[in-house]
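Here is the structure we will look at, set down as structure tokens.
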Number of protein chains: 2
Amino acid sequence: MNAASLAPDPPAAVRPGEVGGAQSIKRAMAVLRYVASHPDGARLRDVSRDCGLNKATCHRILAALVEEDFLQPSEDGGGYILGQEALAIGWAARARQDIPALARAGMVRLSVQTGDTVFLSIRSGLEAICIAREVGAFPIKTLTLDIGSRRPLGVGSGSMALFAFLPAAERAEALDAVEPRLGAYPALSRESLVALAERTRHLGYSFNDEGVIEGMSAVGVPVLGDDGLPMAALSVAAISTRMQAPRRLEVVDLLLAEARLLSRAMTGTR
Amino acid sequence: MNAASLAPDPPAAVRPGEVGGAQSIKRAMAVLRYVASHPDGARLRDVSRDCGLNKATCHRILAALVEEDFLQPSEDGGGYILGQEALAIGWAARARQDIPALARAGMVRLSVQTGDTVFLSIRSGLEAICIAREVGAFPIKTLTLDIGSRRPLGVGSGSMALFAFLPAAERAEALDAVEPRLGAYPALSRESLVALAERTRHLGYSFNDEGVIEGMSAVGVPVLGDDGLPMAALSVAAISTRMQAPRRLEVVDLLLAEARLLSRAMTGTR
DNA sequence: CGAAAGCGTTTCATATCGTGAAATGCGGTG
DNA sequence: CACCGCATTTCACGATATGAAACGCTTTCG
């Protein structure tokens, strides 16, 4: 009934660093993030454990967020899911900067040029969310990600592109969070993720060679902001035979060019 | 530079009612909502005034939200806008329930049947946001709302449909917030909004007869949740001549039918 | 069928932490 | 130059969040 209980999840804990003060707010935001990354609902116990909060404290925070409509009890009564206000805030943020709209043209170009499937992802907490997709003409379609679907940070090429370019501290945090969920991906381990990230940072693009789905490979590049942090990631997926050496590099070049354009468009709009 | 300063805005204040406790969280959420409803950025002073918070308190809340990436300083340094996490939360909420996707088919039906433009709106704080649009075939297009654009609650037919079916307490709060912004809509006043809402609740649909844009009229209906509260609103806009008596009722019937379907789809998905 | 475990909820004494008045800093304007 | 508006920082006070513990409910297991 509840993903949280099945896949015991990441210590999303309050971020350690920075200055002090306003901790209850930060805890609340950590809870919000935590619930957001549990589409099937997060239960008090899980939030409490993974955010490192006392049950009672957690209960009060959850109650407050429910009262403010940022969360709502999931109808099966088992836990909490995002509420109306979370949606509203999201639309408001989107109105200010509609990333899929900015990216659409470039993604279409990529899908036409490569014939493969193009994905756009952003980071949400310790996961990557696919927020747009363009399907190419090549007859074998690789629809790995639906719009709205998530992957732990680092799992998949787009997700890895987001992961690899985070500051070391956040990477470490993400790794801790991701590790327990790697069971679902036999080809991956904490060590391989670290190695892949290293290579990704070195090459400037991520190459996921059947790491997630057999027979499928993908490359991804980050869309970097002014601060050097990834705002989003573009990736292209295809059957593995189409992602080998010479062609792969061509695809990467196209991706890098589009990522640069998108980066400019996004920082311009801000 | 800053809408907030130009259009002195609504006391969004912490909701009065309910139980006590966790107030700092609630204040933070009120601040978040407030910033969300100010696309051009909200400055400390404005937040402080309109949320009824001490400047220092407000400053700390804003700083905390920035640190958590739910807000970011707007690049002109003048104020605060929604940050990455707000976007992420929104996408997460959307993954759980993609309202535009659920509504698409019905909106297309409406636009085909009426030939006019169909809008889908949701509430965000004390505003309505247009989140989807279908343009009909009739040669005079009425593109009043772009996707992502906002109106104060009650202004426009979709927005009125959302407003009219709120509990009285929230209507009152919204009115206080909206009143100072009515200058932009000469045809509207606090009293006329109250009267229109009354009629809307009575008829079951809102009829905005040139109240916002001259020559244009629209009808709207709420999409009600299990709790009787509006989750969204569907509306149809056209030149006023196409919205008069006999035809208007036909359009309303179509709208009501689609709203019922959408309501079922939405509560089903949850 | 009874015991035990797991979980959500409530309580309450404690001191932590947020609060707001006021002071300081800073940039723009008359 | 003096003033004004605003952001930022400080600080003493006490309101408020905190977490251990107890309660009651449902589910699980013996």
Side-chain angles (χ1 to χ4, degrees), chain A residues 1-6 8-9 13-16 18-32 34-35 38 40-68 71-81, chain B residues 1-6 8-9 13-16 18-32 34-35 38 40-68 71-81:
Chain A
M1 172 226 322
N2 204 306
S5 45
L6 302 178
D9 244 287
V14 162
R15 302 210 182 145
E18 325 287 348
V19 300
Q23 54 160 281
S24 74
I25 294 176
K26 295 186 189 171
R27 294 186 205 201
M29 296 330 250
V31 169
L32 196 52
Y34 182 87
V35 175
H38 289 260
D40 300 324
R43 289 185 307 177
L44 170 58
R45 207 194 74 87
D46 305 310
V47 183
S48 160
R49 175 176 19 84
D50 297 331
C51 294
L53 298 171
N54 179 288
K55 266 196 306 177
T57 303
C58 205
H59 185 257
R60 229 167 335 101
I61 292 177
L62 286 167
L65 290 174
V66 167
E67 210 169 295
E68 294 292 314
L71 297 182
Q72 59 187 234
S74 60
E75 65 284 16
D76 63 4
Y80 297 87
I81 54 181
Chain B
M1 172 231 322
N2 204 308
S5 46
L6 302 178
D9 243 285
V14 162
R15 302 209 181 145
E18 325 287 346
V19 300
Q23 55 162 278
S24 74
I25 294 177
K26 295 187 191 172
R27 293 186 207 202
M29 298 327 252
V31 169
L32 195 52
Y34 183 86
V35 175
H38 289 259
D40 299 326
R43 289 185 307 178
L44 170 58
R45 215 199 79 82
D46 305 310
V47 183
S48 158
R49 175 176 20 83
D50 296 331
C51 295
L53 298 169
N54 179 288
K55 266 195 304 178
T57 301
C58 204
H59 185 257
R60 229 169 333 102
I61 291 175
L62 286 167
L65 291 174
V66 167
E67 211 169 294
E68 295 292 314
L71 297 183
Q72 61 186 233
S74 60
E75 67 284 18
D76 62 4
Y80 298 87
I81 55 180

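All chains are named by letter (A, B, ...) in the order of the sequence lines, taking the proteins before the strands, and each is independently numbered beginning at 1. What you see is a predicted model; the values in this text were computed from it and never measured.
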Could you tell me the separation between the CD1 atom of I81(B) and the NE2 atom of H38(B), rounded to the nearest 0.5 Å? 13.5 Å
Gap separating the NZ atom of K26(B) from the CG atom of L32(B), nearest 0.5 angstrom: 16.0 Å
Gap between atoms [atom1] and [atom2], on [X] and [N] respectively (whole Å):
X: L62(B); N: dG18(C); atom1: CG; atom2: C1'; result: 15 Å
X: D46(B); N: dA7(D); atom1: CG; atom2: C1'; result: 12 Å
X: R49(B); N: dA7(D); atom1: CZ; atom2: P; result: 10 Å
X: L44(B); N: dT9(D); atom1: CG; atom2: C1'; result: 13 Å
X: H59(B); N: dT8(D); atom1: NE2; atom2: P; result: 4 Å
X: K26(B); N: dT16(D); atom1: NZ; atom2: P; result: 12 Å

What are the two closest non-hydrogen atoms of [X] and [Y], and how far apart are they?
X: A30(B); Y: C51(B); answer: O-SG, 4.2 Å
X: Y34(B); Y: A42(B); answer: CE2-CB, 3.7 Å
X: A28(B); Y: L65(B); answer: O-CD1, 3.9 Å

Please list, pair by pair, any protein nitrogen or oxygen found under 3.5 Å from a nitrogen or oxygen in nucleotides 25-30 of chain C.
none

With 3.5 Å as the limit, what N/O pairs link the protein to nucleotides 20-22 of chain C?
from: dG20(C); atom 1: OP2; to: T57(B); atom 2: OG1; distance (Å): 2.9
from: dA21(C); atom 1: OP2; to: N54(B); atom 2: ND2; distance (Å): 3.4

Closest-nucleotide ordering on DNA chain C, the 5'-leading residue of I25(A) and R45(A): R45(A)
Should [X] and [Y] count as side-chain neighbours, where that means a heavy-atom distance under 4.5 Å?
X: D46(B); Y: R49(B); value: yes
X: L62(B); Y: R43(B); value: no
X: H59(B); Y: L44(B); value: yes
X: L53(B); Y: I61(B); value: yes

Based on the rotation axes of five pairs at each end, what angle does the helix from dC1(C)-dG30(D) to dG30(C)-dC1(D) bend through, to 10°? 30°
Output a table of nitrogen or oxygen pairs between the protein and nucleotides 23-29 of chain D separated by less than 3.5 Å.
none

S48(B) (side chain) donor-acceptor with C58(B) (main chain) under 3.5 angstrom: no
